[in-house]
Novice: 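Mind having a look at this structure? Questions to follow.
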Amino acid sequence: MKNIELLEIINEFTVSNINTSIKFYKNYFDFNIIDTYGKPINWAKLKKDNCTIMLETYNEVKKEIDNYPKKVSSSNLIKFKYKNKEQVLNLYNNLLKDNMRIFMNLKETEYASVEFGAYDPDNNMIIVSCDN
């Protein structure tokens, strides 16, 4: 097993409204669409710098995966790590300004990070962080 090469880990979110989710990740986190599938779109691959996420509609996932569970709120965390505190503060203020849901207020941690937590439109939990 030592010779098996892992190329990347891509988070794929199951979403209720793909257009709303694309808009969220583009507007707040500056992701760009690099690929889509379906008419109307039911899958999208987004990229920011060297980071990639995929979005797929719940109904499409149910077609592809037998016995896919009912869509529920996620308890998973995904961390978006940024270069500096200013970038984190800008993201935090933009999300607050637009009344987006925050589950963890901005704070400095005991492990020397500055971070906050926000929900995306499908209740996926995103920690936005930087080293302090």
Novice: Taking Val88 as the starting point, is it possible to reach Leu96 by hopping between hydrophobic residues whose side chains are less than 4.5 Å apart?
Specialist: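 Leu96 and Val88: one cluster.
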
Novice: May I ask you to check whether Glu56 and Asn42 show a side-chain donor-acceptor distance below 3.5 Å?
Specialist: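 Note: Glu56 and Asn42 side chains miss the donor-acceptor criterion.
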
Novice: Taking Met125 as the starting point, is it possible to reach Val15 by hopping between hydrophobic residues whose side chains are less than 4.5 Å apart?
Specialist: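 Val15 and Met125: separate clusters.
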
Novice: Do Tyr119 and Met100 make a side-chain contact, defined as non-hydrogen atoms from C-beta onward lying under 4.5 Å apart?
Specialist: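 Answer no - side chains too far apart.
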
Novice: More than 12 heavy atoms of other residues, nucleotides or ligands under 6.0 Å from CD of Glu86: is that the case?
Specialist: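 Open: at most 12 neighbouring heavy atoms sit under 6.0 Å from CD of Glu86.
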
Novice: For side chain to side chain contact (heavy atoms under 4.5 Å, CB included), just list the numbers for Ile33 and Lys26, CA-CA rounded to whole Å, side-chain angles, deciding distance to a tenth of an Å, and then say yes or no.
Specialist: CA-CA 8 Å; Ile33 298 171; Lys26 284 179 69 176; 4.3 Å; yes

Novice: Show your reasoning for whether side chain to side chain contact (heavy atoms under 4.5 Å, CB included) applies to Trp43 and Lys45.
Specialist: CA-CA 7 Å; Trp43 176 88; Lys45 189 173 190 179; 3.7 Å; yes

Novice: Hey, can you tell me if Tyr25 and Phe80 have their rings parallel, tilted or perpendicular (30° and 60° cut-offs)?
Specialist: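 Ring orientation, 0 to 90° scale: tilted.
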
Novice: Measuring from Ile22:CD1 to Leu55:CG, what's the distance to the nearest 0.5 Å?
Specialist: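 Ile22 CD1 to Leu55 CG: 6.0 Å, rounded to 0.5 Å.
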
Novice: Let me confirm one number: the CD-OG1 distance from Glu12 to Thr52, rounded to the nearest 0.5 Å.
Specialist: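 These two atoms lie 12.0 Å from each other.
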
Novice: Compare all side-chain heavy atoms of Asn32 with those of Lys47 and state whether any distance is below 4.5 angstrom.
Specialist: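 Not in contact.
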
Novice: Check the surroundings of atom CZ in Phe103: do more than 12 heavy atoms from other residues, nucleotides or ligands lie under 6.0 Å from it?
Specialist: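 Yes, CZ of Phe103 has more than 12 neighbouring heavy atoms, counting only those of other groups under 6.0 Å.
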
Novice: Return the CG to CZ distance between Asp98 and Arg101, rounded to the nearest 0.5 Å.
Specialist: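 Result: 14.0 Å between the selected atoms.
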
Novice: Hey, quick one: are Ile78 and Phe31 part of the same hydrophobic cluster, counting side-chain heavy atoms closer than 4.5 Å, chains of contacts allowed?
Specialist: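 Linked within one cluster.
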
Novice: Supply the atom-to-atom distance Leu95 CG to Ile102 CD1, rounded to the nearest 0.5 angstrom.
Specialist: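 These two atoms lie 5.0 Å from each other.
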
Novice: State, to 0.1 Å, how close Glu115 and Ser129 come at their nearest heavy-atom pair, and which atoms those are.
Specialist: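 Nearest pair, atom of Glu115 first, then Ser129: OE1-OG, 3.5 Å.
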
Novice: When you group the ILVMFWY residues by side-chain heavy-atom contacts below 4.5 Å and let the links chain together, are Leu91 and Leu89 in the same group?
Specialist: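 Yes, Leu89 connects to Leu91 through the hydrophobic network.
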
Novice: Are the aromatic ring centres of Phe24 and Phe29 under 6.0 angstrom apart?
Specialist: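 Between Phe24 and Phe29, the centre distance is under 6.0 Å.
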
Novice: Between Tyr28 and Asp120, do the side chains contain a donor N or O and an acceptor N or O under 3.5 Å apart?
Specialist: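 Per modelled atom types, Asp120 and Tyr28 side chains form no pair under 3.5 Å.
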
Novice: Before accepting this row, confirm whether a basic side-chain N of the pair Asp131/Lys81 lies closer than 4.0 Å to the acidic partner's carboxylate O.
Specialist: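 Result for this pair is yes, salt bridge flagged.
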
Novice: Of all heavy-atom pairs between Asn105 and Phe116, which one has the smallest distance, and what is that distance?
Specialist: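 Closest approach of Asn105 to Phe116, heavy atoms only: C-CB, 4.0 Å.
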
Novice: Give a yes or no on whether Tyr58 and Leu46 share a hydrophobic cluster (residues Ile, Leu, Val, Met, Phe, Trp, Tyr; joining criterion: side-chain heavy atoms under 4.5 Å apart).
Specialist: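 No.
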
Novice: Do Thr57 and Glu60 have side chains that get closer than 4.5 Å, going by heavy atoms?
Specialist: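 In short, these two side chains touch, coming nearer than 4.5 Å.
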
Novice: Which atom names give the shortest non-hydrogen contact between Ala44 and Ile18, and what distance separates them?
Specialist: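 The pair with the smallest heavy-atom distance is N-CD1, 3.8 Å.
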
Novice: Are any of the side-chain heavy atoms of Lys107 and Val114 separated by less than 4.5 Å?
Specialist: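 They are not in side-chain contact.
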
Novice: First locate atom CD1 of Ile10, then atom SG of Cys51, and finally report the distance between them rounded to the nearest 0.5 Å.
Specialist: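 So the CD1 of Ile10 and the SG of Cys51 are separated by 11.0 Å.
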
Novice: Can you find a heavy atom in the side chain of Ser21 that is under 4.5 Å from one in the side chain of Asp122?
Specialist: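 Yes, side chains in contact.
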
Novice: Roughly how far, to the nearest 0.5 Å, is the CG atom of Leu106 from the NZ atom of Lys85?
Specialist: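 Between atom NZ of Lys85 and atom CG of Leu106 there are 7.5 Å.
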
